[in-house]
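Worksheet for the structure shown next.
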Amino acid sequence: MPKKNQMQIQFASSSINEGFARVAISSFVSQLDPTIEELYDIKMAVSEAVTNCIIHGYSNKEDGLITIRCAYEERTVEIEVVDEGKGIPNVDDAMTALYTTSLEEERAGLGFTVMQSMMDEVEVFSQMGKGTSVKMKRSLAV
Amino acid sequence: MPKKNQMQIQFASSSINEGFARVAISSFVSQLDPTIEELYDIKMAVSEAVTNCIIHGYSNKEDGLITIRCAYEERTVEIEVVDEGKGIPNVDDAMTALYTTSLEEERAGLGFTVMQSMMDEVEVFSQMGKGTSVKMKRSLAV
Amino acid sequence: VGEIKRFLRDDGMIKVSRSLKETAYKVRILKDELIRELNREPTISEIAAGLDLQVEEVVEALESNAEIESLNAVIYQ
Ligand SMILES: Nc1ncnc2c1ncn2[C@@H]1O[C@H](COP(=O)(O)OP(=O)(O)O)[C@@H](O)[C@H]1O
Ligand SMILES: Nc1ncnc2c1ncn2[C@@H]1O[C@H](COP(=O)(O)OP(=O)(O)O)[C@@H](O)[C@H]1O
Ligand SMILES: [Mg+2]
Ligand SMILES: [Mg+2]
């Protein structure tokens, strides 16, 4: 097992690519021989972040670019999910549980809450009109 | 199933990343619901190309960058495997079956031959000191 | 070469999506078994070793397991 490694993937903001993003991340993280549970947690957090890029960042337009960078050092995994979409006006509000700008019933405003409960750290950087970056960290058990 | 899609992955030239490259490609191509055999062929061709970047392009140095671009339109998949390594002095020679610059016994000089038999088209572009790009196409059965 | 190989292999025509679901089912069974045996969550490589698969294959299968309740459901879908 290498001590350090990193990769980057880029794909269009279509929901069909969520599975690709999940598998790519979990294959890379598998280099650290995690448990299935740890992989599920990480995939779930990544899914929430990617869905946000698609639905909110790009307002469901399928020609936006989503970039995911993933790196690890020892057993700490860092994942950054980036869009170049519309940005978040107030990040603190957005990260509050149940806060949502979606009008559809099924969306519950719990995406960031899920990310925070699956990962050890979640940081969001956003600039209106420039895009959003969600950086997440998770340490795996030995 | 979307008619058109594309993605890109980038990773360090360490053999530990071969599995990651295979899974990423396979997950993306799986959007077209291929057969086991079609996917096996494509993964094998990608493996040979990636191994070449690592062993030949970067002479087994692990800090080189490998880029894979994968796109499809209808059921035709195009994959480009790119390194920024030492380049190939004579591409025609390199692509000849059994031609190899490796001295180790196990390496048989059949990498390009494998790629050509697994894929419908294989094109190689290379510039000394700049790197090598291997572009491969494969049409999937309906 | 390709043509001959294509005729010789009998699993060649099976869709990947189905074979991944079968693997996902086996992963789930073995995972429960290993949890009982080891008293902890098994790692992905322990699962792979137990099924005689590559870690890559397990990773891919995990993505396809969503609503599969039984192997029968997979085989006769
Ligand atoms: N990538 C993004 N680009 C723009 N806005 C975002 C992005 N991610 C999240 N948001 C904003 O943050 C809110 C909360 O996100 P989240 O907790 O995932 O809940 P939900 O997606 O269900 O609305 C969203 O409703 C949206 O307004
Ligand atoms: N990415 C690359 N960068 C530099 N040289 C390469 C690259 N890929 C292939 N080659 C050259 O082409 C030769 C033939 O490649 P291949 O058919 O895969 O056989 P092998 O890898 O077994 O030598 C290699 O021995 C090497 O000299
Ligand atoms: Mg959300
Ligand atoms: Mg070779």
Side-chain angles (χ1 to χ4, degrees), chain A residues 1-3 5-9 11 14-51 54 66 68 70-72 74-77 79 81 106 114 117-120 138-142, chain C residues 5-6 9 11-77:
Chain A
M1 256 178 250
K3 285 212 150 54
N5 200 2
Q6 57 177 346
M7 64 84 160
Q8 177 180 296
I9 65 177
F11 52 90
S14 161
S15 62
I16 191 158
N17 288 328
E18 268 180 54
F20 163 66
R22 289 163 57 92
V23 174
I25 290 288
S26 59
S27 154
F28 187 74
V29 172
S30 289
Q31 293 178 357
L32 297 172
D33 197 19
T35 65
I36 292 183
E37 252 54 44
E38 288 171 324
L39 272 189
Y40 272 145
D41 290 355
I42 291 172
K43 287 208 271 189
M44 193 159 216
V46 168
S47 276
E48 290 296 334
V50 170
T51 307
I54 296 172
I66 298 175
I68 302 185
C70 183
Y72 61 78
E74 302 292 346
R75 296 189 70 73
T76 301
V77 180
I79 299 171
V81 179
E106 343 107 65
V114 167
S117 63
M118 298 295 154
M119 306 293 277
D120 301 327
R138 165 90 188 243
S139 291
L140 304 178
V142 194
Chain C
K5 185 191 63 185
R6 229 148 269 172
R9 204 168 323 139
D11 65 356
M13 296 307 287
I14 298 173
K15 293 285 189 179
V16 170
S17 47
R18 180 177 139 182
S19 108
L20 286 179
K21 281 176 193 163
E22 289 174 13
T23 304
Y25 177 75
K26 291 183 202 152
V27 167
R28 225 177 31 182
I29 302 289
L30 178 63
K31 191 187 112 183
D32 293 344
E33 238 173 78
L34 286 178
I35 288 176
R36 277 195 298 273
E37 224 170 86
L38 305 168
N39 230 343
R40 61 164 170 82
E41 294 283 337
T43 67
I44 192 107
S45 70
E46 287 168 337
I47 299 268
L51 294 174
D52 205 10
L53 293 172
Q54 303 284 315
V55 166
E56 309 178 18
E57 295 173 273
V58 177
V59 165
E60 286 187 81
L62 285 178
E63 190 56 29
S64 65
N65 66 350
E67 282 102 40
I68 302 311
E69 287 315 319
S70 77
L71 189 55
N72 275 3
V74 173
I75 291 172
Y76 300 111
Q77 71 186 352

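Because only heavy atoms are used, hydrogens play no part in the values below, and waters and symmetry mates are left out as well, while side chains stay in. Just so it is clear: chains get the letters A, B, ... in the order the sequence lines come, proteins before strands, and each one is counted from 1.
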Nearest 0.5 Å please: distance from the [atom1] atom of [X] over to the [atom2] atom of [Y].
X	Y	atom1	atom2	answer
A:Ser27	C:Leu62	OG	CG	11.5 Å
C:Glu56	A:Ser30	CD	OG	10.0 Å
C:Glu46	A:Thr35	CD	OG1	10.0 Å
A:Leu32	C:Thr43	CG	OG1	11.5 Å

request  = Select one option (side chain, backbone, both, neither) describing which atoms of C:Val27 are under 4.5 Å from chain A's heavy atoms.
outcome  = side chain

remark   = Expected contact set for residues 29-39 of chain C against chain A at heavy-atom separation under 4.5 Å reads C:Lys31

remark   = Sorted by chain and number, sequence neighbours left out, side-chain contact (heavy atoms from CB on, under 4.5 Å) with A:Arg22 holds for A:Lys43, A:Ser47, C:Glu63

query = Does C:Glu57 have any side-chain contact (heavy atoms from CB on, under 4.5 Å) partners at least two apart in sequence or in another chain, and if so, which?
reply =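 Applying side-chain contact (heavy atoms from CB on, under 4.5 Å) to C:Glu57 gives C:Leu53, C:Gln54.
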
ask   = Can you list the residues that meet the ring-ring contact (aromatic ring centres under 6.0 Å, His included) rule with A:Phe20, with sequence neighbours excluded?
value =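 Applying ring-ring contact (aromatic ring centres under 6.0 Å, His included) to A:Phe20 gives A:Phe11, B:Phe28.
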
inquiry  = Can you tell me if A:Gln6 has over 12 outside heavy atoms packed within less than 6.0 Å of its CD?
reply    =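 No - once you tally the heavy atoms of other residues, nucleotides and ligands closer than 6.0 Å, there are 12 at most.
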
Best-contacting candidate, A:Leu39, A:Val23, A:Ile36, against chain C by heavy atom pairs under 4.5 angstrom =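 If we count pairs closer than 4.5 Å to chain C, A:Ile36 comes out on top.
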
